[in-house]
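Note sheet for the following structure.
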There are 2 protein chains.
Amino acid sequence: MNKRQTTLKDLAEKLNVSVATVSRALKDHPRISQKTKEAVWQLAADLDYEPNQLALSFRNRQMNAIGVVVPKIIYHLYATAISGIEDYANAQGYNIIICQSNESMEREKAIINELITSQVAGFIISLSSETNNFDHFTRLQKKGIPLVFFNRECEDVDADRVIIDNFQASYDAVDHLISTGCRRIAYMGGPAEVQISNHRLKGYQKALADNGITVDERLVQHCEFDKESVLSHARRLVYGPQPPEAILAFSDQIAINTMIACKERGLKIPEDVSIVGFNNEPVTELIEPPLTTIDQPGFLMGKTAAELLVRQIENSDTVIKPEKRILSSTLIIRKSTNRNRL
Amino acid sequence: MNKRQTTLKDLAEKLNVSVATVSRALKDHPRISQKTKEAVWQLAADLDYEPNQLALSFRNRQMNAIGVVVPKIIYHLYATAISGIEDYANAQGYNIIICQSNESMEREKAIINELITSQVAGFIISLSSETNNFDHFTRLQKKGIPLVFFNRECEDVDADRVIIDNFQASYDAVDHLISTGCRRIAYMGGPAEVQISNHRLKGYQKALADNGITVDERLVQHCEFDKESVLSHARRLVYGPQPPEAILAFSDQIAINTMIACKERGLKIPEDVSIVGFNNEPVTELIEPPLTTIDQPGFLMGKTAAELLVRQIENSDTVIKPEKRILSSTLIIRKSTNRNRL
DNA sequence: GCACACTGCGCAACTGTTTGCACAAAAATT
DNA sequence: AATTTTTGTGCAAACAGTTGCGCAGTGTGC
């Protein structure tokens, strides 16, 4: 047990050559004789030599690893995005170190600090809902560490970003609701600090305006992600004098908890109220009624982010203009909005 | 941009002392004068010095990182277990590198190899469903690299493991079904190679036997995890001449797809057939009817695994006898098994 | 006045790998 | 035969940090 890994030195000593020669032989350097090379290859195979990645990273002053910081991996979007990142990163020879900020800015800062000192090659980040200060990102940029945002991005930092068009997605969803005859449409948004929630709010407002519907501010709620917060905000909507005919939610989880509040109030879905979620989590097609929702290309999002990051890492000498990739999302229409058109 | 991180050497040169002195001053070594220490601390703060973890890891011949290998992070159990691992590991100063085997043994082997060369401090692993050869684990043990299994373990390898009592959990579930008056009880198992599925099968069989019910082999199915496979096996059960009165499934996903097959056949749940799942995924309380299921302590499982691993890492000189931690699971009774007792 | 202890700091080795340079021997060219 | 080129190999430095040891210089005790 506890046998040390075979090193170049081990091979060199057994063969009575220098470490440098062994290193070059393994790389098939032209200046090493065929005879020496073959001896080295043979022994390396016998002793199961594998280069020590840690030593290599140290020498290159950089780990072959990418730091991935997401709010929570149990959110389906992040779990799938991580698969996309892993897929591409591994193919390019990078490991990924996944960290959860748990929606805490302090945690996010600590993670980034920790990973900087570990010399990760770059970062792929989706902001915590709390994050309202961006010093830790500008710090990355000052140090020249590659950075890509995805999904929850940071507009004040000039970095690569991969997102969907949240404005348009929510516009389309509201448009769909209007087309089924709804006019009193509510928006159950996420925390007010979450930018993408506000982008969706804008899309919602624009769609209403474009259809000649005045926005009723009482129909716009901002809730936290926990069940209790959603329920209490949803109750404000459905127990009011004029419950909405439709509700667009910021996420499927919020939509589902909103459905619970509706059922509690005795409202039938979709007859009394239509509901639209966001993310197309697998659960949405299993519940009753199946939920109309917006499918985000999580895997592709992760993969694209990884591509952008690896491009930055491998061209660290040249300055690349930050790019904004907007992926398309799809409205998946299911029973929860299945009203007869008027 | 691209400013190098401050190193001990930078501090040493500015202060005209040796690197060794700076290193010791930062560690408050008694042999360094107060004056020197203060000068070092001041400059270190000014230049934002942070020790380079990569260099430290290199020197210690080991990364301060733990390799975590799971089948898929989208499975709720693994996502929660990862949170538990991260929670404990971070508190102890370790990062975690999460990799998905995607249920492939080849991928699992490749990941382990890759992480070995990166000199991770240890591994926390849940087997892929395909894994039937354990050389890559015995190899870890020969190299003296700490290893902990959780959930899907490997009985042939003598390592720490954290599991629930799958036999008992499934026994209890079947017992519950019998207590509600069911006698024709089916088992929708996972792939035949997955050990825990077979443990649950044994619990199922024992519970039937203890209640004087003969096991009907036609009521035992082994399916893959994809929806189509589950549906086709479930149909064999429900379209037969004598559909079962109850079905115990290996996972919530399998249970839910089995429910779909039941509904398709016109069977009402729980009136015609009771269903029990496994894992208590959040979706189980949202579907109609809410699913009776077995709650596994995912977070605790991960945390315990991390504890055992860190213990191994930090006592690598002494040999610790591998330990088997069995955590308790809980049967959560919901509507899907709510029949009147006979 | 001499031995001894203590104080404050630097030297050097070590971790595994790569790579520019040097240098000898062999081969090729004058 | 003398020079140049080519070939095959080794030396040493570099990456950032830690740590045993040594070595001055100062202080203490008898």
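By convention in this document, chain letters (A, B, ...) are assigned in the order of the sequence lines, proteins followed by strands, and residues within each chain are numbered from 1.
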Kindly state which residues belonging to [range] come within less than 4.0 angstrom of DNA chain C, counting heavy atoms of the residue only, listed by number.
{"range": "residues 31-40 of chain B", "result": "B:R31, B:I32, B:S33, B:T36"}
{"range": "residues 14-26 of chain A", "result": "A:V19, A:A20, A:S23, A:R24"}
{"range": "residues 46-63 of chain B", "result": "B:F58, B:R59, B:R61"}

Without swapping roles, check the side chain of [X] against the backbone of [Y] for a donor-acceptor pair under 3.5 Å.
{"X": "A:T131", "Y": "A:L127", "value": "no"}
{"X": "B:S128", "Y": "B:P71", "value": "no"}
{"X": "B:D87", "Y": "B:S83", "value": "no"}
{"X": "B:E103", "Y": "B:S129", "value": "yes"}

Whether [Y] and [X] form a salt bridge (side-chain N of Lys/Arg under 4.0 Å from carboxylate O of Asp/Glu) is what I want to check.
{"X": "A:D160", "Y": "A:K324", "value": "no"}
{"X": "A:R107", "Y": "A:E130", "value": "no"}
{"X": "A:R4", "Y": "A:D10", "value": "yes"}

Check whether any side-chain N or O of B:K27 sits under 4.0 Å from OP1 or OP2 of D:dT18, and answer yes or no.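 True: B:K27 side-chain N/O within range (under 4.0 Å) of D:dT18 OP1/OP2.
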Can a donor-acceptor pair be found between the side chains of B:Q119 and A:Q53 at a distance below 3.5 Å?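 There is no such pair between these side chains.
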Rounded to the Å, how far apart are [X] [atom1] and [N] [atom2]?
{"X": "A:L8", "N": "C:dT19", "atom1": "CG", "atom2": "C1'", "result": "13 Å"}
{"X": "B:R4", "N": "D:dC15", "atom1": "CZ", "atom2": "P", "result": "8 Å"}
{"X": "B:H29", "N": "D:dT19", "atom1": "NE2", "atom2": "P", "result": "9 Å"}
{"X": "A:D10", "N": "C:dT15", "atom1": "CG", "atom2": "P", "result": "10 Å"}
{"X": "A:Q5", "N": "C:dG16", "atom1": "CD", "atom2": "P", "result": "9 Å"}
{"X": "B:N64", "N": "D:dG17", "atom1": "CG", "atom2": "P", "result": "14 Å"}

Find out whether A:L15 and A:V40 are in side-chain contact, i.e. whether some heavy atom of one side chain is under 4.5 Å from a heavy atom of the other.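 A:L15 vs A:V40: side chains touch.
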Output, in order, the C-alpha distance, side-chain angles, deciding distance and verdict of side-chain hydrogen bond (donor to acceptor under 3.5 Å, both in side chains) for A:T36 and A:S33. CA-CA 5 Å; A:T36 309; A:S33 71; 2.8 Å; yes
Check B:R161, B:Q312, B:E153 against B:V148 for a side-chain contact (heavy atoms from CB on, under 4.5 Å) and give me the one that passes.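 Result for side-chain contact (heavy atoms from CB on, under 4.5 Å) with B:V148: B:Q312.
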